[in-house]
Amino acid sequence: MSGLKYSRQREAVLIYLRSTNSHPTAENVYTEIRKEFPKISLGTVYRNLNLLVEQGEILRLNCGDGVEHYDATIQPHNHFICRQCGVVIDLEMVSIEQVDEEAKRNFAGRIDGHEIYFYGACEKCLKPFKSNGKRL
């Protein structure tokens, strides 16, 4: 976080995001940070999240649910989003960097990367259907 004045609140936001793989919303971050900083405002949490995104310390995810989620895992990876419960999960898989190469093949501009979201039903949401023999 070079060039920025040190902030205990910003550091707490970053530490929290690095401690979870739940891809929280700003409101979720606010709820957690208030445990340590009871007087912190939601606006301060949003400002710190935006600064951390601008500094490349965290990612902002637009998962199609109308709410931004945040992720401290900044190396390229893919996400799975459950259409039933809305959970966002890091998807472990081999690299699909060939997608960039395929996209570049017939594109005159510059491609710097990609974001891919996979959608469906998570294991937890499928469990009741599996036990009943029903398909979702």
Side-chain angles (χ1 to χ4, degrees):
M1 287 184 280
S2 62
L4 289 177
K5 182 178 163 188
Y6 175 78
S7 160
R8 288 182 25 210
Q9 291 95 342
R10 188 177 314 114
E11 187 69 20
V13 167
L14 185 57
I15 289 169
Y16 168 66
L17 287 172
R18 287 180 175 164
S19 75
T20 183
N21 61 2
S22 68
H23 305 84
T25 64
E27 288 76 13
N28 298 138
V29 174
Y30 172 66
T31 299
E32 287 300 314
I33 298 305
R34 283 196 62 198
K35 294 174 184 174
E36 184 177 351
F37 298 96
K39 295 185 180 195
I40 195 167
S41 71
L42 181 57
T44 298
V45 169
Y46 270 108
R47 278 190 296 282
N48 282 306
L49 288 168
N50 287 331
L51 280 169
L52 290 168
V53 169
E54 288 171 16
Q55 293 292 314
E57 296 281 336
I58 64 173
L59 300 175
R60 178 182 293 123
L61 306 175
N62 295 306
C63 300
D65 60 359
V67 181
E68 294 173 332
H69 297 257
Y70 296 89
D71 189 351
T73 304
I74 57 173
Q75 60 268 21
H77 64 288
N78 300 298
H79 295 94
F80 173 84
I81 301 159
C82 179
R83 292 188 188 265
Q84 304 298 308
C85 69
V87 69
V88 181
I89 303 168
D90 288 337
L91 194 57
E92 302 278 333
M93 58 190 299
V94 295
S95 173
I96 55 174
E97 295 304 315
Q98 70 272 17
V99 170
D100 291 344
E101 294 305 316
E102 182 65 27
K104 290 177 189 177
R105 188 166 293 138
N106 295 311
F107 181 67
R110 184 181 85 207
I111 295 175
D112 296 323
H114 62 269
E115 274 186 40
I116 297 178
Y117 297 107
F118 294 87
Y119 298 92
C122 70
E123 182 179 17
K124 182 179 172 186
C125 290
L126 283 178
K127 196 170 276 189
F129 295 97
K130 285 182 178 179
S131 64
N132 292 335
K134 296 179 184 176
R135 294 201 53 139
L136 188 63

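All values below were derived from every heavy atom in this structure, side-chain atoms included, with hydrogens, water molecules and symmetry-related copies excluded.
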- Task: Please report the shortest heavy-atom distance between C122 and C82, naming the atom on each side.
- Result: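 Scanning both residues, the minimum pair turns out to be N-SG, 3.3 Å.
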
- Are T31 and N28 linked by a side-chain donor-acceptor pair shorter than 3.5 Å?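 Side-chain D/A pair, T31 to N28: absent.
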
- Please assess R8 against E11 for the test salt bridge (charged side-chain N to carboxylate O under 4.0 Å, His left out), listing each intermediate value before the final yes or no. CA-CA 5 Å; R8 288 182 25 210; E11 187 69 20; over 6 Å; no

- Item | salt bridge (charged side-chain N to carboxylate O under 4.0 Å, His left out) contacts in which one or both residues fall within residues 60-72, not counting sequence neighbours |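 Qualifying pairs, neighbours excluded: R60-E68.
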
- With sequence neighbours excluded, residues passing side-chain hydrogen bond (donor to acceptor under 3.5 Å, both in side chains) with E36: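 For E36 there are no side-chain hydrogen bond (donor to acceptor under 3.5 Å, both in side chains) partners, ignoring immediate neighbours.
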
- Task: Before accepting this row, confirm whether a basic side-chain N of the pair E101/K104 lies closer than 4.0 Å to the acidic partner's carboxylate O.
- Result: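 Answer for the salt bridge query: yes.
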
- By ring-ring contact (aromatic ring centres under 6.0 Å, His included) - contacts of H114 (at least two apart):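 So H114 forms no ring-ring contact (aromatic ring centres under 6.0 Å, His included) with any residue.
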
- Heavy-atom neighbours of E92 CD exceed 12 at 6.0 Å: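 Open: at most 12 neighbouring heavy atoms sit under 6.0 Å from CD of E92.
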
- Query: Shared ILVMFWY cluster between L52 and L42, side chains joined below 4.5 angstrom?
  - Reply: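 Yes, L52 and L42 fall within the same hydrophobic cluster.
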
- Listed once per pair and sorted, the ring-ring contact (aromatic ring centres under 6.0 Å, His included) pairs that draw on residues 7-35, sequence neighbours left out: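 Only H23-H79 qualify under ring-ring contact (aromatic ring centres under 6.0 Å, His included).
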
- Counting only N and O atoms by type, is there a donor-acceptor contact under 3.5 Å from the side chain of R10 to the main-chain atoms of R47?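 No, because the side chain of R10 does not come within donor-acceptor range (under 3.5 Å) of the backbone of R47.
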
- Same cluster (ILVMFWY, side-chain, under 4.5 Å), I116 and L91: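 Same cluster: I116 reaches L91 through Ile, Leu, Val, Met, Phe, Trp or Tyr contacts under 4.5 Å.
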
- Each residue besides I111 in its hydrophobic cluster should be listed here, by chain and number; the cluster joins Ile, Leu, Val, Met, Phe, Trp and Tyr at side-chain heavy-atom distances under 4.5 Å.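 Taking Ile, Leu, Val, Met, Phe, Trp and Tyr as members, I111 shares its hydrophobic cluster with F107.
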
- With a cutoff of under 4.5 Å between side-chain heavy atoms, which Ile, Leu, Val, Met, Phe, Trp and Tyr residues group with L59?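 Other cluster members: L61, I74, I81, V88, Y117, Y119.
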
